[in-house]
Amino acid sequence: MTASPTESGGKESIFSPLLVRAAIRASFAKLSPRAQARNPVMFLVYLGTILTLYVAVANLVTGQPVGYPLATSLLLFLTVLFANFAEGLAEARGKAQAASLRAARQDTPARRLVDGVETTVPSTELQRDDLIVVTAGELIPADGEIVEGLASVDESAITGESAPVIREAGTDYSGVTGGTKVLSDRIVVRVTSGAGESFLDRMIALVEGASRQKTPNEIALSILLSGLTLVFLLAVVTLYPFTVYTGVAASPVTLIALLVCLIPTTIGGLLPAIGIAGMDRALQANVIAKSGKAVEVAGDIDVLLLDKTGTITIGNRQATRFSPLSGVSAAELARAAALSSLADPTPEGKSIVTLARTLTDLPAQPANAEFIEFSAQTRMSGVDFDDAGTTVRIRKGAADRMARFASEFGAAAPTDLTALVEEVARAGGTPLTVAEVRGDVARVLGVVALSDVVKPGIRERFAQLRQMGLRTVMITGDNPLTAEAIAREAGVDGFLAEATPEDKLQMIKDEQLAGKLVAMMGDGTNDAPALAQADVGLAMNSGTQAAKEAGNMVDLDSDPTKLLEVIEIGKGLLITRGALTTFSIANDVAKYFAILPALFVVAYPPLAVLNVMQLHSPTSAVLSAVIFNALIIPFLIPLALRGVPYRSTSAAALLSRNLLVYGLGGLLLPFIAIKIIDLLITPLLG
Ligand SMILES: Nc1ncnc2c1ncn2[C@@H]1O[C@H](COP(=O)(O)OP(=O)(O)OP(=O)(O)O)[C@@H](O)[C@H]1O
Ligand SMILES: [K+]
Ligand SMILES: [Mg+2]
């Protein structure tokens with residue numbers, strides 16, 4: 001039964017009944033020694049539970065008081081249960097979140113195309129590279145890439161956004177996801193992942209904690225905690241002979257209670273929950289992370305590389321004007337530009353045909369035409385055909401590229417061309433130069449202005465990132481003037497223009513060589529090398545399969561600015577871990593003042609001065625400290641699961657604020673809490 005999205009651990013309900021029940025079941029299931037051994041700090045508490053129970057039983061047999069050892073054992077047992085509960089709750093939230101996503105992938109019949117023959121099979125039978133047909137009104141049965149046609153698709157099943165989006169073969173948005181619905185037209189999709197191995201399936205396994213491997217930060221912290229635990233273990237063990245020497249040997253129960261209070265059980269108990277909650281937050285942002293590490297690394301990113309077209313700008317670049325050179329009529333330029341775009345599937349190409357149609361009647365596609373498709377390497381496209389025995393080549397493309405093309409055919413770029421190109425570029429538009437080679441005579445005909453718009457709100461988000469110490473760099477294949485105009489309007493810190501995919505990759509390597517962690521956003525096949533090289537590569541779900549395979553995250557919303565949220569989630573994770581570790585270490589200090597006097601006050605009465613809380617008796621002091629040590633774990637669960645709230649200020653300001661709140665707080669709170677608990681339990685001790 002899948003929890004409804006509201007119950008699935010959304011913002012409002014951390015302790016929804018459904019999740020709490022699942023977490024309680026899990027907290028007993030995790031009592032198996034194998035599960036306990038994975039968390040060294042809590043494992044010691046687990047052993048302490050058994051040892052104190054043993055003492056209670058031994059006392060029962062020898063007629064000694066049982067209450068104290070039994071109470072202590074129960075409290076230690078509770079501490080372990082609370083830690084299991086925290087992890088169980090985080091997993092339950094993740095499971096519920098994932099289940100609501102998985103629900104979107106109900107089993108739908110698929111129309112498989114084998115050698116052009118269509119057969120209907122259940123979607124679970126689909127293999128990678130199968131071809132399937134989906135027409136309007138049908139659900140897409142599996143993740144795939146459109147190889148033929150275009151359609152408007154309702155992706156609300158995975159993004160929650162019901163506005164239809166265009167998905168089209170041969171573009172940077174040809175990726176489709178199982179469970180989404182085709183609203184118009186007919187498409188042929190090549191299946192990219194069979195049942196069970198889609199990105200979503202992998203993410204669900206990650207979030208369900210099943211295959212969640214520890215992240216570097218978690219491993220480092222675990223080593224620190226285990227080290228601390230070992231130190232305290234040795235300290236307490238060597239304490240025993242001291243107490244014997246004083247003539248008043250400490251009871252093993254008190255020593256075990258002291259040990260549990262000193263080892264970092266608070267952060268030790270919450271660490272798994274924090275990690276799982278981080279993955280769950282990524283899922284809530286509709287980001288599929290292939291590993292917990294990817295989410296964490298996002299927290300340490302220094303440089304953010306962003307594509308221009310479709311990422312910083314709306315991307316559906318449209319032709320807005322034909323500017324012919326002197327001696328060329330607008331209609332002639334329009335006809336040539338249209339001829340070079342009749343077979344061009346890109347938004348640029350199609351908009352040129354649309355604009356040309358308003359100026360002149362479209363020339364028919366020449367019979368023996370050969371279309372040269374656009375690529376980020378060549379940065380141009382066009383058509384070759386034979387006109388009554390003369391070979392005609394028409395090209396359109398980036399200005400610098402076209403100048404080279406024209407010069408290959410001996411045509412020097414006309415003087416007034418640069419002015420035209422610069423006029424379009426300075427306005428932030430993308431100028432495409434059009435040239436025609438008839439036989440061996442080359443002529444530059446003019447410039448087509450493509451307009452693009454910077455996405456709203458992007459400027460503010462970049463300002464936010466700058467506050468967090470991040471540098472944003474726009475990389476684009478476009479010319480420097482256009483890039484500069486867009487960069488200024490978007491407020492990025494730097495840009496690289498006329499970049500080919502190799503240039504993008506090289507830039508990432510250079511930044512990494514300089515010791516920076518780089519995040520990259522992209523959707524096209526030409527972004528794949530850079531996405532693979534980047535420390536965080538966020539591919540858009542609508543992107544090509546190559547891009548999604550190369551990245552270590554996939555954004556189901558295909559929202560290029562989502563990287564900003566991913567970075568915030570990553571930062572939040574690291575800050576939460578840091579804050580709770582600080583709190584955990586700080587809150588152990590108070591327990592010295594509770595337990596040490598209890599241990600020594602008989603042998604050394606002057607030590608009573610340590611009993612600053614004026615606790616009632618050694619027994620009540622120890623029990624109060626152990627009770628606090630147990631209760632603090634569930635008390636901090638909301639903070640662990642939601643993350644420590646933080647604003648985008650500088651790391652230094654953030655650290656000092658958290659040290660104050662969680663350090664000082666961690667120091668003072670236990671003194672008050674243990675005193676209150678002592679007042680409450682003293683009447684019970686009789
Ligand atoms: N369909 C097309 N036909 C010919 N030339 C094109 C076409 N689309 C783009 N171009 C030219 O090729 C250049 C490089 O394209 P590329 O996709 O590498 O960069 P971009 O689209 O301008 O920006 P981004 O790198 O953000 O995608 C574009 O700036 C444009 O001048
Ligand atoms: K502790
Ligand atoms: Mg592009």
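For ligands, and for the atoms within them, numbers begin at 1 and follow the listed sequence. Note that the numbering runs from 1 along the sequence shown for the chain. Here the structure is a predicted model, which is why all the values come from computation and not from measurement.
Side-chain contact, T433 with K396: no donor N or O sits under 3.5 Å from an acceptor N or O.
Comparing heavy-atom distances from atom 5 (N) of ligand 1 across G477, G397, A499, G522 singles out G397 as nearest.
Ligand 1 has R317 within reach: a non-hydrogen atom of the residue lies less than 4.0 Å from it.
Salt-bridge formation is detected for the pair E168/K350: a Lys NZ or Arg NE/NH1/NH2 atom is positioned less than 4.0 Å from an Asp or Glu carboxylate oxygen. With salt bridges taken as basic N to acidic carboxylate O contacts below 4.0 Å, none links D555 and K548. A salt bridge is defined here as a Lys NZ or Arg NE, NH1 or NH2 lying under 4.0 Å from an Asp or Glu carboxylate O, and E218 with R577 meets this definition. Taking a cutoff of 4.0 Å between a charged side-chain nitrogen and a carboxylate oxygen, E436 and R393 do not qualify as a salt bridge. E145 has no carboxylate O lying under 4.0 Å from a charged side-chain N of R167, or vice versa, which leaves the two without a salt bridge.
The ligand atoms of ligand 1 that sit less than 4.0 angstrom from a heavy atom of K308 are 22 (O), 26 (O). Interface atoms of ligand 1 facing T430, defined by a heavy-atom separation under 4.0 Å, are 29 (O), 30 (C), 31 (O). Using a 4.0 Å cut-off to heavy atoms of D307, the atoms of ligand 1 that qualify are 24 (P), 25 (O), 26 (O). In the vicinity of A376, heavy-atom distances shorter than 4.0 Å reach the ligand 1 atoms 18 (O). Within ligand 1, the atoms closer than 4.0 Å to a non-hydrogen atom of T346 are 1 (N), numbered from 1 in the order shown. With ligand atoms numbered from 1 in the order given, ligand 1 contributes 1 (N), 2 (C), 3 (N) to contacts under 4.0 Å with heavy atoms of D344. Taking every non-hydrogen atom of M380 and a distance limit under 4.0 Å, the qualifying atoms of ligand 1 come out as 4 (C), 5 (N). Less than 4.0 angstrom separates some heavy atom of D478 from each of these atoms of ligand 1: 19 (O), 22 (O), 29 (O).
If you look at L432 next to ligand 1, the close heavy atoms, those under 4.0 Å, all belong to the side chain.
Interatomic distance, R395 CZ to M402 CE, rounded to the nearest 0.5 Å: 8.0 Å.
In terms of polar-atom proximity, defined here as any N/O pair under 3.5 Å, T309 does make such a contact with ligand 1.
Look at T265 and the K ion (ligand 2): an N/O/S atom of the residue is under 3.4 Å from the metal. Residue contact annotation: N629 places an N/O/S atom under 3.4 Å from the K ion (ligand 2). Taking 3.4 Å as the criterion, V260 counts as a coordinating residue of the K ion (ligand 2), since one of its N, O or S atoms falls below it. P264 lies apart from the K ion (ligand 2) in this respect, since none of its N, O or S atoms is found at a distance under 3.4 Å.
At distances below 3.5 Å, at least one donor-acceptor pair connects side-chain atoms of T79 with backbone N or O atoms of L75. R426 contributes no side-chain N or O that, together with a main-chain N or O of T482, makes up a donor-acceptor pair within less than 3.5 Å. Of the possible polar contacts, one joining the D493 side chain to the T472 backbone as a donor-acceptor pair under 3.5 Å is found.
The aromatic rings of F409 and F405 sit tilted relative to each other, their planes meeting at an angle between 30° and 60°.
The K ion (ligand 2) is closest to atom OD1 of D588 (considering only N, O or S atoms).
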